[in-house]
2 protein chains.
Amino acid sequence: MHGVNVSAVTDSLDWDHVEPPAARRLVQGAIDAFAERGFQATTTRDIASRAGMSPAALYVHYPSKERLLFEISLYGHNAALEILRSADTGGAPADRLRSLVAAFTAWHARHHTIAHVVQYELNALSPEHLAEVATIRRAISAQIEQVLTDGVQDGSFAVPDLPGTTLAVLSLSIDVARWYTPHRGDPDALGKLYADLAHRMVQA
Amino acid sequence: MHGVNVSAVTDSLDWDHVEPPAARRLVQGAIDAFAERGFQATTTRDIASRAGMSPAALYVHYPSKERLLFEISLYGHNAALEILRSADTGGAPADRLRSLVAAFTAWHARHHTIAHVVQYELNALSPEHLAEVATIRRAISAQIEQVLTDGVQDGSFAVPDLPGTTLAVLSLSIDVARWYTPHRGDPDALGKLYADLAHRMVQA
DNA sequence: TTTGTGGCTAAGCGCTTGCTTAGCTTCCCG
DNA sequence: CGGGAAGCTAAGCAAGCGCTTAGCCACAAA
(Lines give C-alpha, C1' and ligand atoms only; values in the text may rest on other atoms or scores of the structure.)
Protein backbone atom coordinates (compact mmCIF):
# COMPACT_ATOMS: atom_id res chain seq x y z
CA MET A 1 0.00 0.00 0.00
CA HIS A 2 2.96 2.35 -0.39
CA GLY A 3 2.00 3.49 -3.82
CA VAL A 4 3.19 0.24 -5.28
CA ASN A 5 0.98 -0.71 -8.18
CA VAL A 6 -0.66 -3.68 -6.52
CA SER A 7 -4.32 -3.84 -5.60
CA ALA A 8 -5.44 -4.63 -2.09
CA VAL A 9 -6.75 -8.07 -2.95
CA THR A 10 -5.27 -9.26 -6.21
CA ASP A 11 -2.35 -11.57 -5.75
CA SER A 12 0.93 -11.63 -7.56
CA LEU A 13 0.02 -13.45 -10.77
CA ASP A 14 1.69 -11.29 -13.35
CA TRP A 15 -0.52 -9.58 -15.88
CA ASP A 16 2.41 -7.91 -17.59
CA HIS A 17 1.19 -9.09 -20.95
CA VAL A 18 -1.90 -6.89 -20.62
CA GLU A 19 -1.28 -3.53 -22.25
CA PRO A 20 -1.68 -0.63 -21.74
CA PRO A 21 -1.40 -0.26 -17.95
CA ALA A 22 -4.94 1.08 -17.75
CA ALA A 23 -6.22 -2.21 -19.16
CA ARG A 24 -4.17 -4.04 -16.56
CA ARG A 25 -5.73 -1.98 -13.79
CA LEU A 26 -9.15 -2.89 -15.16
CA VAL A 27 -8.27 -6.58 -15.14
CA GLN A 28 -7.05 -6.41 -11.56
CA GLY A 29 -10.09 -4.44 -10.44
CA ALA A 30 -12.36 -6.90 -12.21
CA ILE A 31 -10.69 -9.92 -10.58
CA ASP A 32 -11.16 -8.43 -7.13
CA ALA A 33 -14.74 -7.48 -7.83
CA PHE A 34 -15.73 -10.77 -9.48
CA ALA A 35 -14.15 -12.80 -6.68
CA GLU A 36 -15.78 -10.66 -4.01
CA ARG A 37 -19.32 -10.31 -5.33
CA GLY A 38 -19.54 -12.57 -8.38
CA PHE A 39 -19.78 -11.57 -12.01
CA GLN A 40 -23.48 -10.75 -12.08
CA ALA A 41 -23.39 -8.58 -8.97
CA THR A 42 -20.41 -6.60 -10.21
CA THR A 43 -21.18 -3.42 -12.11
CA THR A 44 -19.03 -1.85 -14.79
CA ARG A 45 -19.04 1.28 -12.64
CA ASP A 46 -17.50 -0.72 -9.80
CA ILE A 47 -14.75 -2.15 -11.97
CA ALA A 48 -13.98 1.23 -13.51
CA SER A 49 -13.79 3.00 -10.17
CA ARG A 50 -11.42 0.33 -8.81
CA ALA A 51 -9.22 1.08 -11.81
CA GLY A 52 -9.52 4.80 -11.10
CA MET A 53 -11.42 5.83 -14.17
CA SER A 54 -14.89 6.61 -15.48
CA PRO A 55 -17.31 3.83 -16.51
CA ALA A 56 -17.00 4.74 -20.18
CA ALA A 57 -13.23 4.24 -20.16
CA LEU A 58 -13.72 0.50 -19.69
CA TYR A 59 -15.11 0.26 -23.20
CA VAL A 60 -11.99 1.79 -24.68
CA HIS A 61 -10.14 -1.38 -23.67
CA TYR A 62 -12.81 -4.10 -23.61
CA PRO A 63 -15.98 -4.37 -25.69
CA SER A 64 -18.05 -5.79 -22.84
CA LYS A 65 -18.02 -6.90 -19.23
CA GLU A 66 -18.22 -10.52 -20.35
CA ARG A 67 -15.14 -10.10 -22.52
CA LEU A 68 -13.20 -8.88 -19.51
CA LEU A 69 -14.26 -12.00 -17.62
CA PHE A 70 -13.25 -14.19 -20.53
CA GLU A 71 -9.79 -12.63 -20.71
CA ILE A 72 -9.32 -13.29 -16.99
CA SER A 73 -10.73 -16.80 -17.16
CA LEU A 74 -8.66 -17.78 -20.17
CA TYR A 75 -5.40 -16.53 -18.73
CA GLY A 76 -6.19 -18.04 -15.34
CA HIS A 77 -6.92 -21.44 -16.86
CA ASN A 78 -3.71 -21.35 -18.85
CA ALA A 79 -1.75 -20.40 -15.76
CA ALA A 80 -3.23 -23.31 -13.83
CA LEU A 81 -2.44 -25.75 -16.62
CA GLU A 82 1.08 -24.39 -16.88
CA ILE A 83 1.60 -24.90 -13.14
CA LEU A 84 0.55 -28.52 -13.47
CA ARG A 85 2.78 -29.18 -16.49
CA SER A 86 5.85 -27.65 -14.96
CA ALA A 87 5.27 -29.64 -11.78
CA ASP A 88 5.27 -32.92 -13.68
CA THR A 89 9.01 -33.53 -13.57
CA GLY A 90 8.98 -37.26 -14.14
CA GLY A 91 10.04 -40.09 -11.87
CA ALA A 92 7.90 -42.51 -9.93
CA PRO A 93 4.12 -41.97 -10.27
CA ALA A 94 3.87 -41.45 -6.52
CA ASP A 95 6.36 -38.59 -6.63
CA ARG A 96 4.74 -37.11 -9.70
CA LEU A 97 1.27 -37.21 -8.13
CA ARG A 98 2.53 -35.57 -4.95
CA SER A 99 4.24 -32.88 -6.96
CA LEU A 100 1.19 -32.20 -9.10
CA VAL A 101 -1.26 -32.04 -6.23
CA ALA A 102 1.07 -29.91 -4.11
CA ALA A 103 1.56 -27.39 -6.91
CA PHE A 104 -2.07 -27.31 -8.01
CA THR A 105 -3.33 -26.91 -4.46
CA ALA A 106 -0.80 -24.25 -3.53
CA TRP A 107 -1.70 -22.35 -6.69
CA HIS A 108 -5.37 -22.33 -5.75
CA ALA A 109 -4.50 -21.02 -2.30
CA ARG A 110 -1.90 -18.47 -3.34
CA HIS A 111 -4.01 -17.15 -6.21
CA HIS A 112 -7.35 -17.80 -4.60
CA THR A 113 -8.95 -14.63 -6.00
CA ILE A 114 -8.20 -15.54 -9.60
CA ALA A 115 -8.87 -19.20 -8.88
CA HIS A 116 -12.28 -18.28 -7.54
CA VAL A 117 -13.15 -16.50 -10.76
CA VAL A 118 -11.71 -19.36 -12.81
CA GLN A 119 -13.65 -22.08 -10.97
CA TYR A 120 -16.93 -20.41 -10.06
CA GLU A 121 -17.77 -17.94 -12.82
CA LEU A 122 -17.81 -20.37 -15.73
CA ASN A 123 -21.50 -20.07 -16.40
CA ALA A 124 -21.26 -16.31 -16.84
CA LEU A 125 -19.19 -16.93 -19.97
CA SER A 126 -20.78 -16.97 -23.41
CA PRO A 127 -21.17 -20.47 -24.87
CA GLU A 128 -18.29 -19.86 -27.30
CA HIS A 129 -15.95 -18.61 -24.60
CA LEU A 130 -16.97 -21.42 -22.29
CA ALA A 131 -16.12 -23.95 -24.97
CA GLU A 132 -12.68 -22.46 -25.39
CA VAL A 133 -11.99 -22.62 -21.68
CA ALA A 134 -13.38 -26.14 -21.46
CA THR A 135 -10.61 -27.51 -23.67
CA ILE A 136 -8.07 -26.24 -21.16
CA ARG A 137 -10.02 -27.83 -18.35
CA ARG A 138 -9.92 -31.17 -20.14
CA ALA A 139 -6.15 -30.86 -20.46
CA ILE A 140 -5.88 -30.22 -16.72
CA SER A 141 -7.97 -33.27 -15.97
CA ALA A 142 -6.00 -35.39 -18.43
CA GLN A 143 -2.74 -34.43 -16.71
CA ILE A 144 -3.92 -35.92 -13.42
CA GLU A 145 -5.52 -38.93 -15.03
CA GLN A 146 -2.28 -39.81 -16.84
CA VAL A 147 -0.31 -39.97 -13.60
CA LEU A 148 -2.92 -42.18 -12.01
CA THR A 149 -2.94 -44.44 -15.05
CA ASP A 150 0.86 -44.75 -14.93
CA GLY A 151 0.73 -45.60 -11.24
CA VAL A 152 -1.88 -48.29 -11.79
CA GLN A 153 0.18 -49.76 -14.62
CA ASP A 154 3.38 -50.07 -12.62
CA GLY A 155 1.46 -51.39 -9.62
CA SER A 156 2.20 -48.55 -7.21
CA PHE A 157 -1.42 -47.33 -7.22
CA ALA A 158 -4.68 -49.19 -6.62
CA VAL A 159 -7.52 -47.26 -8.26
CA PRO A 160 -10.79 -49.12 -8.78
CA ASP A 161 -12.59 -46.15 -10.36
CA LEU A 162 -10.17 -44.14 -12.47
CA PRO A 163 -12.41 -41.28 -13.71
CA GLY A 164 -14.07 -40.95 -10.32
CA THR A 165 -10.76 -40.81 -8.49
CA THR A 166 -9.30 -38.34 -10.99
CA LEU A 167 -12.25 -36.07 -10.37
CA ALA A 168 -11.89 -36.47 -6.61
CA VAL A 169 -8.22 -35.51 -6.63
CA LEU A 170 -8.91 -32.46 -8.79
CA SER A 171 -11.94 -31.64 -6.70
CA LEU A 172 -9.91 -31.49 -3.51
CA SER A 173 -7.59 -28.83 -4.92
CA ILE A 174 -10.24 -26.85 -6.75
CA ASP A 175 -12.42 -26.52 -3.67
CA VAL A 176 -9.55 -24.69 -1.98
CA ALA A 177 -10.56 -21.64 -4.02
CA ARG A 178 -13.93 -21.68 -2.27
CA TRP A 179 -12.78 -21.52 1.33
CA TYR A 180 -9.18 -20.32 1.38
CA THR A 181 -8.22 -17.01 2.97
CA PRO A 182 -4.66 -15.98 3.83
CA HIS A 183 -5.21 -16.54 7.55
CA ARG A 184 -5.79 -20.22 6.81
CA GLY A 185 -2.05 -20.75 6.59
CA ASP A 186 0.77 -21.13 4.15
CA PRO A 187 -0.19 -22.26 0.62
CA ASP A 188 2.86 -24.52 0.40
CA ALA A 189 2.04 -26.23 3.68
CA LEU A 190 -1.48 -26.84 2.43
CA GLY A 191 -0.04 -28.21 -0.79
CA LYS A 192 2.08 -30.71 1.14
CA LEU A 193 -0.89 -31.81 3.25
CA TYR A 194 -3.03 -32.33 0.18
CA ALA A 195 -0.25 -34.15 -1.67
CA ASP A 196 -0.15 -36.52 1.27
CA LEU A 197 -3.89 -37.03 1.34
CA ALA A 198 -4.09 -37.59 -2.41
CA HIS A 199 -1.23 -40.08 -2.30
CA ARG A 200 -2.90 -42.05 0.47
CA MET A 201 -6.14 -42.12 -1.54
CA VAL A 202 -4.52 -44.10 -4.33
CA GLN A 203 -1.53 -46.00 -3.04
CA ALA A 204 -1.60 -49.75 -3.44
CA MET B 1 -43.31 -36.15 -15.04
CA HIS B 2 -46.80 -37.67 -15.12
CA GLY B 3 -48.49 -34.68 -13.63
CA VAL B 4 -46.98 -35.40 -10.27
CA ASN B 5 -46.26 -32.18 -8.44
CA VAL B 6 -42.51 -32.22 -8.99
CA SER B 7 -40.62 -29.59 -10.97
CA ALA B 8 -38.40 -30.51 -13.87
CA VAL B 9 -35.20 -29.91 -11.97
CA THR B 10 -35.90 -29.86 -8.26
CA ASP B 11 -35.17 -33.16 -6.59
CA SER B 12 -37.21 -35.02 -4.08
CA LEU B 13 -36.34 -33.20 -0.87
CA ASP B 14 -39.75 -32.69 0.68
CA TRP B 15 -40.92 -29.16 1.24
CA ASP B 16 -44.24 -30.30 2.71
CA HIS B 17 -43.73 -27.96 5.64
CA VAL B 18 -44.00 -24.96 3.32
CA GLU B 19 -47.59 -23.75 3.22
CA PRO B 20 -49.63 -22.84 1.26
CA PRO B 21 -48.88 -24.82 -1.93
CA ALA B 22 -48.26 -21.59 -3.83
CA ALA B 23 -45.39 -20.77 -1.48
CA ARG B 24 -43.99 -24.25 -2.07
CA ARG B 25 -44.11 -23.72 -5.82
CA LEU B 26 -42.20 -20.49 -5.32
CA VAL B 27 -39.54 -22.27 -3.28
CA GLN B 28 -39.11 -24.96 -5.89
CA GLY B 29 -38.97 -22.45 -8.70
CA ALA B 30 -36.44 -20.39 -6.79
CA ILE B 31 -34.21 -23.41 -6.11
CA ASP B 32 -34.14 -24.28 -9.79
CA ALA B 33 -33.47 -20.71 -10.82
CA PHE B 34 -30.82 -20.01 -8.17
CA ALA B 35 -28.98 -23.25 -8.96
CA GLU B 36 -29.16 -22.60 -12.69
CA ARG B 37 -28.21 -18.93 -12.89
CA GLY B 38 -27.21 -17.89 -9.40
CA PHE B 39 -29.09 -15.63 -7.00
CA GLN B 40 -28.06 -12.31 -8.52
CA ALA B 41 -28.89 -13.30 -12.07
CA THR B 42 -32.31 -14.62 -11.08
CA THR B 43 -35.20 -12.17 -11.32
CA THR B 44 -38.34 -12.20 -9.23
CA ARG B 45 -40.24 -12.35 -12.51
CA ASP B 46 -38.42 -15.57 -13.37
CA ILE B 47 -39.18 -17.18 -10.03
CA ALA B 48 -42.82 -16.14 -10.19
CA SER B 49 -43.31 -17.41 -13.71
CA ARG B 50 -41.79 -20.79 -12.79
CA ALA B 51 -44.37 -20.95 -10.02
CA GLY B 52 -47.09 -20.00 -12.51
CA MET B 53 -48.03 -16.63 -11.08
CA SER B 54 -47.47 -12.90 -11.49
CA PRO B 55 -44.38 -11.19 -10.04
CA ALA B 56 -46.41 -9.40 -7.39
CA ALA B 57 -47.75 -12.66 -5.99
CA LEU B 58 -44.30 -13.55 -4.72
CA TYR B 59 -44.56 -10.77 -2.16
CA VAL B 60 -47.75 -12.19 -0.73
CA HIS B 61 -45.68 -15.11 0.58
CA TYR B 62 -42.17 -13.69 1.01
CA PRO B 63 -41.12 -10.13 1.84
CA SER B 64 -38.07 -10.19 -0.46
CA LYS B 65 -36.04 -12.29 -2.86
CA GLU B 66 -33.31 -12.60 -0.23
CA ARG B 67 -35.77 -13.98 2.31
CA LEU B 68 -36.73 -16.70 -0.14
CA LEU B 69 -33.06 -17.61 -0.49
CA PHE B 70 -32.65 -17.66 3.27
CA GLU B 71 -35.61 -19.99 3.74
CA ILE B 72 -34.09 -22.37 1.19
CA SER B 73 -30.59 -22.11 2.59
CA LEU B 74 -31.69 -22.62 6.18
CA TYR B 75 -33.78 -25.66 5.41
CA GLY B 76 -31.09 -27.08 3.15
CA HIS B 77 -28.42 -26.70 5.81
CA ASN B 78 -30.62 -28.34 8.40
CA ALA B 79 -31.35 -31.21 6.04
CA ALA B 80 -27.63 -31.74 5.42
CA LEU B 81 -26.87 -31.71 9.14
CA GLU B 82 -29.71 -34.11 9.79
CA ILE B 83 -28.34 -36.52 7.17
CA LEU B 84 -24.96 -36.50 8.88
CA ARG B 85 -26.42 -37.03 12.35
CA SER B 86 -28.63 -39.91 11.34
CA ALA B 87 -25.69 -41.54 9.55
CA ASP B 88 -23.58 -41.52 12.71
CA THR B 89 -24.79 -44.83 14.09
CA GLY B 90 -21.87 -45.57 16.36
CA GLY B 91 -19.32 -48.33 16.24
CA ALA B 92 -15.69 -48.17 15.16
CA PRO B 93 -14.49 -44.75 13.99
CA ALA B 94 -13.61 -46.21 10.59
CA ASP B 95 -17.16 -47.42 10.08
CA ARG B 96 -18.63 -44.18 11.34
CA LEU B 97 -16.42 -42.12 9.02
CA ARG B 98 -17.35 -44.24 6.03
CA SER B 99 -21.02 -43.95 6.89
CA LEU B 100 -20.83 -40.16 7.33
CA VAL B 101 -18.91 -39.51 4.14
CA ALA B 102 -21.08 -41.88 2.10
CA ALA B 103 -24.28 -40.22 3.32
CA PHE B 104 -23.01 -36.65 3.01
CA THR B 105 -21.63 -37.24 -0.46
CA ALA B 106 -24.72 -39.05 -1.72
CA TRP B 107 -26.88 -36.23 -0.36
CA HIS B 108 -24.89 -33.64 -2.30
CA ALA B 109 -25.28 -35.68 -5.47
CA ARG B 110 -28.93 -36.61 -5.05
CA HIS B 111 -29.95 -33.10 -4.03
CA HIS B 112 -27.35 -31.30 -6.07
CA THR B 113 -29.67 -28.42 -7.00
CA ILE B 114 -30.42 -27.53 -3.39
CA ALA B 115 -26.86 -28.35 -2.39
CA HIS B 116 -25.60 -25.92 -5.01
CA VAL B 117 -27.68 -23.13 -3.52
CA VAL B 118 -26.64 -24.12 0.00
CA GLN B 119 -22.92 -24.17 -0.78
CA TYR B 120 -22.49 -21.43 -3.37
CA GLU B 121 -25.01 -18.71 -2.60
CA LEU B 122 -23.91 -17.92 0.95
CA ASN B 123 -22.64 -14.45 0.17
CA ALA B 124 -26.00 -13.40 -1.23
CA LEU B 125 -27.45 -13.76 2.28
CA SER B 126 -27.77 -10.78 4.60
CA PRO B 127 -25.16 -10.71 7.38
CA GLU B 128 -27.76 -11.75 9.96
CA HIS B 129 -29.03 -14.65 7.89
CA LEU B 130 -25.50 -15.71 7.05
CA ALA B 131 -24.65 -15.81 10.74
CA GLU B 132 -27.61 -18.05 11.44
CA VAL B 133 -26.62 -20.47 8.72
CA ALA B 134 -22.99 -20.40 9.82
CA THR B 135 -23.85 -22.00 13.15
CA ILE B 136 -25.29 -24.98 11.30
CA ARG B 137 -22.17 -25.17 9.16
CA ARG B 138 -20.03 -25.31 12.29
CA ALA B 139 -22.14 -28.17 13.59
CA ILE B 140 -21.61 -30.05 10.32
CA SER B 141 -17.87 -29.54 10.54
CA ALA B 142 -17.82 -30.56 14.20
CA GLN B 143 -19.57 -33.82 13.36
CA ILE B 144 -16.75 -34.87 11.05
CA GLU B 145 -14.02 -33.59 13.32
CA GLN B 146 -15.40 -35.63 16.22
CA VAL B 147 -15.13 -38.89 14.32
CA LEU B 148 -11.58 -38.12 13.27
CA THR B 149 -10.69 -37.24 16.85
CA ASP B 150 -12.14 -40.52 18.09
CA GLY B 151 -10.23 -42.46 15.48
CA VAL B 152 -6.97 -40.77 16.43
CA GLN B 153 -7.61 -41.48 20.08
CA ASP B 154 -8.19 -45.21 19.63
CA GLY B 155 -5.27 -45.45 17.23
CA SER B 156 -7.20 -46.44 14.13
CA PHE B 157 -6.52 -43.12 12.39
CA ALA B 158 -3.29 -41.23 11.77
CA VAL B 159 -4.08 -37.55 11.25
CA PRO B 160 -1.18 -35.10 11.55
CA ASP B 161 -3.32 -32.02 10.81
CA LEU B 162 -6.78 -32.44 12.30
CA PRO B 163 -8.48 -29.18 11.20
CA GLY B 164 -6.89 -29.37 7.77
CA THR B 165 -7.98 -32.97 7.25
CA THR B 166 -11.48 -32.28 8.54
CA LEU B 167 -11.79 -29.50 5.99
CA ALA B 168 -10.44 -31.75 3.25
CA VAL B 169 -12.95 -34.50 3.96
CA LEU B 170 -15.83 -32.02 4.01
CA SER B 171 -14.44 -30.33 0.94
CA LEU B 172 -14.50 -33.52 -1.08
CA SER B 173 -18.21 -34.01 -0.49
CA ILE B 174 -19.20 -30.38 -0.82
CA ASP B 175 -17.49 -29.99 -4.17
CA VAL B 176 -19.79 -32.67 -5.54
CA ALA B 177 -22.50 -30.00 -5.68
CA ARG B 178 -20.33 -28.07 -8.15
CA TRP B 179 -19.89 -30.74 -10.79
CA TYR B 180 -22.51 -33.43 -10.28
CA THR B 181 -25.19 -34.07 -12.87
CA PRO B 182 -27.43 -37.14 -12.96
CA HIS B 183 -25.56 -38.67 -15.90
CA ARG B 184 -22.46 -38.85 -13.66
CA GLY B 185 -23.83 -41.97 -12.06
CA ASP B 186 -25.59 -43.23 -8.99
CA PRO B 187 -25.33 -41.02 -5.88
CA ASP B 188 -24.95 -44.05 -3.61
CA ALA B 189 -22.10 -45.47 -5.71
CA LEU B 190 -20.37 -42.11 -5.51
CA GLY B 191 -20.93 -42.09 -1.77
CA LYS B 192 -19.25 -45.50 -1.48
CA LEU B 193 -16.27 -44.38 -3.55
CA TYR B 194 -15.83 -41.25 -1.48
CA ALA B 195 -16.20 -43.14 1.78
CA ASP B 196 -13.37 -45.34 0.60
CA LEU B 197 -11.16 -42.41 -0.40
CA ALA B 198 -11.79 -40.57 2.87
CA HIS B 199 -11.03 -43.66 4.89
CA ARG B 200 -7.75 -44.19 3.08
CA MET B 201 -6.83 -40.55 3.72
CA VAL B 202 -6.83 -41.07 7.48
CA GLN B 203 -6.23 -44.71 8.28
CA ALA B 204 -3.22 -45.50 10.43
C1' DT C 1 -76.87 -10.39 2.97
C1' DT C 2 -72.93 -8.18 4.68
C1' DT C 3 -68.19 -8.05 6.04
C1' DG C 4 -63.68 -9.49 6.11
C1' DT C 5 -59.77 -12.08 4.61
C1' DG C 6 -56.43 -14.69 1.71
C1' DG C 7 -54.58 -14.97 -2.77
C1' DC C 8 -54.07 -13.04 -6.73
C1' DT C 9 -53.18 -9.47 -11.08
C1' DA C 10 -52.30 -5.15 -13.88
C1' DA C 11 -49.87 -1.34 -13.75
C1' DG C 12 -46.22 1.15 -12.61
C1' DC C 13 -42.55 3.71 -9.60
C1' DG C 14 -37.90 4.91 -8.69
C1' DC C 15 -33.61 3.26 -9.55
C1' DT C 16 -29.69 0.87 -11.58
C1' DT C 17 -27.89 -1.60 -15.31
C1' DG C 18 -24.59 -2.29 -19.55
C1' DC C 19 -23.31 0.39 -22.90
C1' DT C 20 -23.17 4.67 -26.32
C1' DT C 21 -22.42 9.25 -27.83
C1' DA C 22 -20.08 13.52 -28.34
C1' DG C 23 -16.42 15.92 -27.37
C1' DC C 24 -12.13 17.12 -24.86
C1' DT C 25 -7.08 16.74 -24.03
C1' DT C 26 -2.43 14.94 -24.71
C1' DC C 27 1.20 13.50 -27.34
C1' DC C 28 3.61 11.66 -31.30
C1' DC C 29 5.13 12.19 -36.06
C1' DG C 30 5.62 14.84 -40.27
C1' DC D 1 3.06 24.19 -36.87
C1' DG D 2 -0.63 20.75 -38.33
C1' DG D 3 -3.15 16.50 -37.95
C1' DG D 4 -4.51 12.29 -36.31
C1' DA D 5 -4.63 8.72 -33.14
C1' DA D 6 -5.02 7.16 -28.17
C1' DG D 7 -7.17 7.69 -23.88
C1' DC D 8 -10.23 9.69 -21.36
C1' DT D 9 -14.87 12.12 -19.27
C1' DA D 10 -19.75 13.95 -18.75
C1' DA D 11 -24.01 12.98 -19.94
C1' DG D 12 -27.42 10.07 -21.02
C1' DC D 13 -30.37 6.23 -23.30
C1' DA D 14 -33.20 2.08 -23.38
C1' DA D 15 -34.06 -1.75 -20.80
C1' DG D 16 -34.66 -4.25 -16.85
C1' DC D 17 -34.56 -4.47 -11.85
C1' DG D 18 -36.93 -5.28 -6.90
C1' DC D 19 -40.76 -4.06 -5.02
C1' DT D 20 -45.42 -1.33 -4.22
C1' DT D 21 -50.03 0.09 -5.03
C1' DA D 22 -54.79 -0.41 -5.96
C1' DG D 23 -58.13 -3.23 -6.71
C1' DC D 24 -60.54 -7.75 -8.12
C1' DC D 25 -62.52 -12.28 -6.91
C1' DA D 26 -63.74 -16.43 -4.14
C1' DC D 27 -65.21 -17.89 0.02
C1' DA D 28 -66.09 -18.26 5.04
C1' DA D 29 -68.04 -16.31 9.22
C1' DA D 30 -71.69 -13.43 11.27
Side-chain angles (χ1 to χ4, degrees), chain A residues 5 15-73 117 121 123-130, chain B residues 5 15-73 117 121 123-130:
Chain A
N5 196 13
W15 295 89
D16 303 351
H17 67 285
V18 179
E19 284 290 350
R24 189 157 53 236
R25 271 154 42 217
L26 282 169
V27 164
Q28 287 171 336
I31 291 170
D32 293 351
F34 292 160
E36 214 174 293
R37 318 180 202 273
F39 177 80
Q40 302 281 357
T42 298
T43 68
T44 54
R45 284 160 178 84
D46 183 15
I47 297 170
S49 86
R50 285 179 197 246
M53 52 182 102
S54 78
L58 188 151
Y59 294 90
V60 172
H61 303 282
Y62 296 94
S64 70
K65 192 177 80 162
E66 190 273 343
R67 186 60 191 254
L68 194 38
L69 171 66
F70 173 59
E71 223 80 41
I72 292 165
S73 190
V117 176
E121 300 296 340
N123 59 17
L125 291 168
S126 74
E128 298 79 24
H129 289 161
L130 177 60
Chain B
N5 196 13
W15 295 89
D16 303 350
H17 62 105
V18 180
E19 285 287 350
R24 188 157 54 237
R25 271 154 43 215
L26 282 168
V27 164
Q28 287 171 336
I31 291 171
D32 292 351
F34 292 160
E36 214 173 294
R37 319 181 202 272
F39 177 81
Q40 302 280 359
T42 298
T43 69
T44 53
R45 286 161 176 83
D46 183 14
I47 298 169
S49 87
R50 285 179 198 247
M53 53 182 101
S54 79
L58 188 151
Y59 295 90
V60 172
H61 303 283
Y62 296 93
S64 70
K65 191 176 83 162
E66 190 272 344
R67 185 60 192 253
L68 195 39
L69 172 65
F70 173 59
E71 222 80 43
I72 293 165
S73 189
V117 176
E121 299 297 340
N123 58 16
L125 291 169
S126 75
E128 299 78 24
H129 290 159
L130 177 60

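As a basis for the values below, the full set of heavy atoms in this structure was taken, side chains included, without hydrogen atoms, waters or symmetry mates. Numbers restart at 1 for each chain; the letters A, B, ... are given by sequence-line order, proteins then strands.
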With Arg45(A) via side chain to side chain donor-acceptor pair (under 3.5 Å) - residues at least two apart: none
Straight-line distance of Thr42(B) OG1 to Glu121(B) CD, nearest 0.5 Å: 7.5 Å
Residue list, side chain to side chain donor-acceptor pair (under 3.5 Å) with His61(B), at least two apart or on another chain: none
Angle between terminal axes - the helix from dT1(C)-dA30(D) to dG30(C)-dC1(D), 5 pairs each end, rounded to 10°: 10°
Distance, rounded to the nearest Å, where His61(B) contributes NE2 and dG18(D) contributes P: 18 Å
Lys65(A) side-chain N/O to Ile47(A) backbone N/O, donor-acceptor pair under 3.5 Å: no
Set of side-chain contact (heavy atoms from CB on, under 4.5 Å) partners for Ala41(B), sequence neighbours left out: Gln40(A), Arg37(B)
Separation of dG18(D) C1' from Arg67(B) CZ (nearest whole Å): 17 Å
Those residues that, when tested against Pro63(A), pass side-chain contact (heavy atoms from CB on, under 4.5 Å) (two or more places apart): Arg67(A)
Side-chain touch Val27(B)/Glu71(B), heavy atoms, less than 4.5 angstrom: no
Separation of dC17(D) C1' from Arg37(B) CZ (nearest whole Å): 15 Å
Any donor-acceptor pair under 3.5 Å from Ser49(A) side chain to Gly52(A) backbone: no
Please write out each protein N/O paired with an N/O of nucleotides 16-21 of chain C under 3.5 Å, distance rounded to 0.1 Å.
from: dG18(C); atom 1: OP1; to: Thr42(A); atom 2: O; distance (Å): 3.0
from: dG18(C); atom 1: OP1; to: Lys65(A); atom 2: NZ; distance (Å): 2.9
from: dG18(C); atom 1: OP2; to: Thr44(A); atom 2: N; distance (Å): 3.0
from: dG18(C); atom 1: OP2; to: Thr44(A); atom 2: OG1; distance (Å): 3.3
from: dG18(C); atom 1: N7; to: Arg45(A); atom 2: NH1; distance (Å): 3.0
from: dG18(C); atom 1: O6; to: Arg45(A); atom 2: NH2; distance (Å): 3.2
from: dC19(C); atom 1: OP2; to: Tyr59(A); atom 2: OH; distance (Å): 2.8
from: dC19(C); atom 1: OP2; to: Lys65(A); atom 2: N; distance (Å): 2.9
from: dC19(C); atom 1: O5'; to: Tyr59(A); atom 2: OH; distance (Å): 3.3

